[in-house]
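To keep things clear, I will list the structure first and then write my remarks on it.
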Amino acid sequence: MRSVAPVSILLVFLSGPAGCAARKEPLHEFQFLAFGTLIELTLWGVDRDLAERAYQAVESDFARMHTEWHPWQPGALVETNRQLAAGKPFLVPHSMIPLIENSQRLSLASQGLFNPAIGRLVELWGFHSDDLPAKPPDPEAITALIAQRPAMTDLDLDGQRLHATNPAVQLDFSAYAKGYAVDRAIDRFRELGVTNAIVNAGGDLRAIGHRGGRPWRIGIRHPRGSGVLASVEIEDDESVSTSGDYERFFMYNGRRYHHIMDPRTGYPATGSVAVTVLYREAATADAASTALFVAGSDLFEAVARDLGVDRAMLIDSAGKIYLTPSMRARVRFEIDVAGGIPMGPSP
Amino acid sequence: MTVGDRVVLGLALTLIVWLYARFWGGGAAGDHIQVLVAGRPYQQEDLRRNGRLTIAGVIGPSEIEIRDGRVRFVSSPCRGKQCIHSGWLARDGDFAACLPNGIAVQVVGANARFDAISF
Amino acid sequence: MTVQVTREDVRIAWLSAIAITINVLESALPSPLPGVKPGLANVITIVALCWFGWAPAAWISLLRVLAGSLLTGTFLSPAFILSLSGALASVVALGLGTLAPGKGLSAIGYSVCAATAHMAGQFWVAYALFIPHAALFRLLPVLMTAALIFGVVSGIIAQALIRRVERA
């Protein structure tokens, strides 16, 4: 039997190793919008079907959380805030409970520097909108709000009953919800059998497993450029959360006003440009990066210790870089940072 | 040469052209190297920092040298010294290995080598 | 009872010896990837194929790898495993080559089949067993080009050898 088939078989055989390459790199990437930012999913080592199913499950989880915890559109959080303002004890929506409980713990540990009870302040500054504010609010309004000192300790949560002892408390979980959502997404992945993946919610990410024969390589953005300042390798299970003054901000009279409020002053925290935290859970990393940003270089080490965070990096407004010892061992700088990094003209 | 010969030659040439197109896209300058020991990532080194590096392998230490943005094997306990014969590696993706010693060196370029960015 | 040694047996033995020698000499050649050889010893295999058919050629090819590794002290080493994979792949490719329709293939066609299959087999095993690293594929086009060139060259040599002997 003579045919062309044997020669074609030969060709397929010869191209075997080349075809192998495509089959041996099962990397799947998905993107969608939630929490006002881009959510990126990266999965390795699973076939297309499972990757699609996992993506759809996580996307609908995110959509649900996005709606429930939206800071100003109708949902569980808005409803909770309405009830808190009314002053009487009420049954808080179920999905709010873990956010409140965890935030109370973290707020306490961070000496109140992470404080989701300052929703009124965030709204006053105009960050409860898809558009950026045009100018700072009236200083007297700020002073009045700060005087009321809303704190997570003003909340009394008993099972599902919530009561605020301070009518000024309004909850804003923008420094926590994304990280928490990332953790839930990772749980969902694991449930579905995905063990190597990255869930990146607008820069707050958690990576599990590895990427084929190597660890995941995570870049940390330069705070004043578009390139990468540093990188870390993640194997097994770890989160990276960065808080920066460049994420949401507006300029007014030559000054930068960003969205990370200092609960003590009522103004955007000064002194820090960016903080990056490594921690297992993304929710804690998210809260910690905010708390350390507010803490600044003075309180950086003490607050990190109190929060149980041993891998953190802070860049102050002069471009100087502070690293905890464990972070120094983990981070790899991609540019020369010998004398700090240039900050450019903005204060 | 028979007709069959020509067919075989044509197929082989086509395959090779395809292989170049598939695996040689790129050619960015190397930025750092990844050293692998026994197939697993072991250490990274910046290609801008001149110097020598000794790595312990299965049968002994191998030495690599970084100079002027390039890297090469300098010494190795293997018999064939194929790793050393690979010469200088400079471009993204360049690769040399001392198989008997289980040590490989890969040049990595600066572009798109992060799986995710935190910002 | 005496064993009859045919002229064919002598030729096969002679070819095997040459193949083994070439193998040992080839181990001194440098290459971009350790242990991966372009397959010059295939000349012998091709000549054997044209003279005696596929089975004796396959036997010579595998014997060469085995004996060669014993002589160079590389038996069961990575180099040996690579050589063996290459030899097995080229033997299979030659078998397929014999099924070519019409006039079939000449020494050159067989040689190209064998050399490219040899390299592909070696590469595949190198990737699967030794360096499962994506960067290895950057070497593949270069290796296959070398294999093609050597395949053509050894095919021409084999053809010249065959013609020479047939004229004699």
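Reminder, nothing fancy here: chain letters follow the sequence lines and each chain counts from 1. No experiment lies behind these values; they were computed from the predicted model shown.
- Heavy atoms closer than 4.5 Å to chain B are found in the side chain of A/L205, but not in its backbone.
- Heavy-atom pairs under 4.5 Å with chain B were tallied for A/T276, A/I218, A/V232; the largest tally goes to A/I218.
- The greatest number of non-hydrogen atom pairs below 4.5 Å with chain B, out of A/I220, A/T42, A/L229, A/T242, is found for A/T242.
- With a 4.5 angstrom heavy-atom cutoff, A/S241 touches chain B only via backbone atoms.
- Remark: A/R328 CZ is loosely packed, at most 12 non-hydrogen atoms of other residues, nucleotides or ligands lying under 6.0 Å away.
- For A/I198, the part lying near chain B is the side chain, with the backbone staying farther off; criterion is any non-hydrogen pair under 4.5 Å.
- Judged by the 6.0 Å and 45° rule, A/R256 forms a cation-pi pair with A/F249.
- With a 4.5 Å cut-off on non-hydrogen atoms, A/E247 touches chain B through its side chain but not through its backbone.
- A salt bridge links A/E238 and A/R330; the closest N-O separation between the charged side-chain nitrogens and carboxylate oxygens is under 4.0 Å.
- Among the candidates A/S243, A/P223, A/G202, the residue making the largest number of heavy-atom pairs closer than 4.5 Å to chain B is A/G202.
- In summary, the aromatic rings of A/F62 and A/F32 are positioned with their centroids under 6.0 Å apart.
- The pair B/D68-B/R48 does not meet the salt-bridge criterion, since no charged nitrogen lies less than 4.0 angstrom from a carboxylate oxygen.
- Not less than 6.0 angstrom separates the ring centroid of A/H222 from the ring centroid of A/F333.
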